[in-house]
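Convention: sequence-line order gives letters A, B, ...; per-chain numbering from 1.
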Amino acid sequence: MISFLDFEKPIAELEARIHDLRQLDGEQQGGADIEEEVAQIQSKADQLLRETYGKLTPWQKVQVARHPNRPQFQDYVAGLIESFTPLAGDRAYADDKAITGGIGRFRGRSVMVIGHEKGSDTRSRLRHNFGMARPEGYRKAARLMRLADRFGLPVITLVDTQGAYPGVGAEERGQAEAIARSTETCLDIRVPLIACLVGEGGSGGAVALATGNVVIMLEHAVYAVISPEGCASILWHSAERAQDAADAMKVTAQDLAKLKVVDQVVEENVGGAHRNPASAITALGDAIAGALAEFDGRDGGYVRQHRREKFLAMGRLGVV
Amino acid sequence: MNWLSNFVRPKIQALVRKREVPDNLWIKCPSCGQMIHHKEIKLRQFVCQHCDHHLRIGPEERFPNLFDEGDFSTIELPAVLIDPLKFRDEKRYVDRLKESQNKTAQQDAIVVAHGKLGGHGAVIAVQNFSFMGGSLGLGAAEAIITAAKLAVLQHAPLIIFAAAGGARMQEGILSLMQLPRTTIAVQLVQEAGLPYISVLTDPTTGGVTASYAMLGDVAISEPGALIGFAGPRVIENTIRERLPEGFQRAEYLLEHGMLDMVVHRHAMRETLIRVVELLGNRPPSAEVISLPQPDLEIPALTDTRQEGETGDSGSAP
């Protein structure tokens, strides 16, 4: 049972009617009539879903990107990585469960996978701190990237975070430095880094894992320098204006592809990844495989330089 | 606001203001509230003689006190895309930008200069908090990248004085992309075997700390500077607790191992010279030439207005 978003209400109502009719059918054995009506409503619901998702506003995309049923790190790993072997800890302070990582086999080759994990129910969300990492998380990520570099394993990152955790301990232990080092490590390694924005890409906490040779974004994911609520409360002096902020900041995959910040947008199934996680996961897998293939046979120096030049060109006159 | 500013038209108002309020002769220390004469505070590099508070200053005030004999040249910076998102909140971004440009006579938040520091070439970039909160966008990042390339070209150390609230939201995702881009700038300098000294000044937060500001080979701060990733208000709202005294201040960061040293503004120049010399394995420069001390006559405080504030002259005469 998926939970419906506010703007999906008309679709939810149709689905509810179908549900009611089915139940009625079970009780009364209405037969063909009901079947026909169900089919009719179903096709209406499908069409409405297609239309709604074909023209989502930036703010609606933010809501889809945050959908609780949207596939998470562990779903992608389960669907794409064989023999996944998690590796824990930053070797300095703790193991931050908001960022998970490990080695495994992706379509036949060994890779390092690192990503934010938000959790899927109250208990796991608390355990993973809702995907908001502390310095330990970024230090673990940097450690795992170095490890991958040493063994020539490509790095795949799955980014899905509101942002780095704003807390006293996180600040004391150097949140900013940890993020900066993680970004620096992304830029330093001599193996391909394929970054995938699968849900929310929030600020420095996202870019610390997303500074990749290829940046892939799911169709309904969002990526921004600050959350729309945060931006609205600073520039409009009211978090209520988050919709306006989402519009103004250009947070959607489609906008970011135009700005050449994102290299590839992966289509989601109709109604978003949360309605059919398996298909979204496979589609992302295909995109990753394609991106990795671009670097087959390339030496480390090329891979590193490629990433550096790509970012240096970003936002320059004549590029956008 | 008073009757004058309410009823007199802006143009006339400006005339009136100019006549009645000459200059801000007196500056009020934002920390202790004492009035300090502008000549005096300038001579003291904008450090309050009463409470030692380090006031926020920009490139214009910093460069002359850093380079040998106050001699330096600023670098022309490459043009960047202006307002790529056509961003507008309560104001248009281009208007905010123009406002800051007029206020500071700067192109964007960072100014780059080169000159001699202890007898050897150095490239120094200074971020101005008065320019849209020092925010890091395309313009500021291009300044850092240019500074880094110049340092490599001149085989000189790079010193960046950071001061910013964070990334420039009005440039959306492109401002976030300046984190990796400025990180690359730092890498260019470090790979060339040159020192990169980061000086974090009040305030340095957000995306700026999460990139070049925290990547210095040596990290220095000025006393009392606010430094952090998340701003104190965001943290208080998240944890719903009051923050401890001195939290996110330079001394607190030093205590927690995030900085090498906290250096008084008056000792900054000598410290930078010494660090750069030692890292470069150079002999000490014959003498650290101290800056000429201008004659100073401070008029008595009583005969002038006392309500003056730093920076912008208020509309009320």
Subject >> Shortest non-hydrogen contact between A:Ile179 and B:Ala210, atoms and distance >> reply: CG2-CB, 3.8 Å
Subject >> Minimal non-hydrogen separation, B:Leu138 against A:Gly315, with atom names >> reply: CD2-O, 3.4 Å
Original post:
Under 6.0 Å from the CD atom of B:Glu251, do we count more than 12 heavy atoms belonging to anything else shown?
Top reply: yes
Original post:
Based on non-hydrogen pairs under 4.5 Å, which of B:Leu243, B:Leu85, B:Ile82, B:Ile239 is most in contact with chain A?
Top reply: B:Leu85
**OP:** Let me know if B:Tyr252 has heavy atoms under 4.5 Å from chain A in its side chain, its backbone, both or neither.
**Re:** side chain
Original post:
Can you find a pair of side-chain heavy atoms, one from A:Met314 and one from B:Gln178, that are under 4.5 Å apart?
Top reply: no
Subject >> Separation of B:Leu179 CG from A:Ser182 OG (nearest 0.5 Å) >> reply: 11.5 Å
**OP:** Quick one: which of A:Asp247, A:Val207, A:Thr211 has the most heavy-atom pairs under 4.5 Å with chain B, could you say?
**Re:** A:Val207
**OP:** Can you tell which part of B:Ile145 gets under 4.5 Å to a heavy atom of chain A, answering side chain, backbone, both or neither?
**Re:** side chain
**OP:** Give a yes or no on this: more than 12 heavy atoms of other residues, nucleotides or ligands lie within 6.0 Å of atom CD of B:Glu245.
**Re:** no
Original post:
If you draw a 6.0 Å radius around OH in A:Tyr93, do more than 12 non-hydrogen atoms from other residues or ligands fall strictly inside?
Top reply: no
Subject >> Heavy-atom closest contact (A:Ala176 atom, B:Met214 atom, distance) >> reply: CB-CG, 4.1 Å
Subject >> Straight-line distance of A:Ser238 OG to B:Glu90 CD, nearest 0.5 Å >> reply: 9.0 Å
Original post:
Who among B:Val80, B:Leu215, B:Val234 has the most heavy-atom pairs with chain A under 4.5 Å?
Top reply: B:Leu215
Subject >> A:Glu309 with B:Arg181: basic N within carboxylate O range, under 4.0 Å >> reply: no
Original post:
chain B heavy atoms under 4.5 Å from A:Tyr165: which part of the residue, side chain, backbone, both or neither?
Top reply: side chain
Original post:
Among A:Leu312, A:Ile234, A:Thr183, A:Asp188, who wins on heavy-atom pairs under 4.5 Å with chain B?
Top reply: A:Leu312
Original post:
Measuring from A:Arg307:CZ to B:Ile184:CD1, what's the distance to the nearest 0.5 Å?
Top reply: 9.5 Å
Subject >> B:Gln190 side chain near A:Glu184 side chain, heavy-atom distance below 4.5 Å >> reply: yes
Subject >> A:Glu172 side-chain N/O to B:His256 backbone N/O, donor-acceptor pair under 3.5 Å >> reply: no
Original post:
Is the closest side-chain heavy-atom distance between A:Val251 and B:Ile173 below 4.5 Å?
Top reply: no
**OP:** Answer yes or no: are there more than 12 heavy-atom neighbours, outside A:Glu240 itself, under 6.0 Å from its atom CD?
**Re:** no
Original post:
Of all heavy-atom pairs between B:Thr209 and A:Ala180, which one has the smallest distance, and what is that distance?
Top reply: O-CB, 4.3 Å
Original post:
At a heavy-atom separation under 4.5 Å, does B:Glu171 approach chain A through its side chain, its backbone, both, or neither?
Top reply: neither
Original post:
Measuring from B:Gln187:CD to A:Leu187:CG, what's the distance to the nearest 0.5 Å?
Top reply: 5.0 Å
**OP:** Any chance you could measure B:Ser175, atom OG, to A:Met249, atom CE, to the nearest 0.5 Å?
**Re:** 9.0 Å
**OP:** Take B:Phe87 and A:Leu235, measure what side chain to side chain contact (heavy atoms under 4.5 Å, CB included) needs, and give me the verdict at the end.
**Re:** CA-CA 11 Å; B:Phe87 194 96; A:Leu235 293 181; 3.6 Å; yes
Original post:
If you measure from CE on B:Met177 to CG on A:Leu256, what distance do you get to the nearest 0.5 Å?
Top reply: 8.0 Å
Original post:
Does the side chain of B:Leu176 reach to within under 4.5 Å of the side chain of A:Tyr223, using non-hydrogen atoms?
Top reply: yes
Original post:
What's the shortest heavy-atom distance between A:Val168 and B:Ile235, and which atoms?
Top reply: N-CG2, 4.1 Å
**OP:** Name the region of B:Ala79, side chain, backbone, both or neither, that has any atom closer than 4.5 Å to a heavy atom of chain A.
**Re:** both
Original post:
Does any heavy atom of chain A fall under 4.5 Å from the side chain of B:Ser211, the backbone, both, or neither of them?
Top reply: backbone
**OP:** Counting only heavy atoms closer than 4.5 Å, note whether B:Met258 contacts chain A via side chain, backbone, both or neither.
**Re:** side chain
Original post:
Would a distance-only check, ignoring hydrogens and angles, find a side-chain to backbone donor-acceptor pair under 3.5 Å from A:Glu171 to B:Ala230?
Top reply: yes
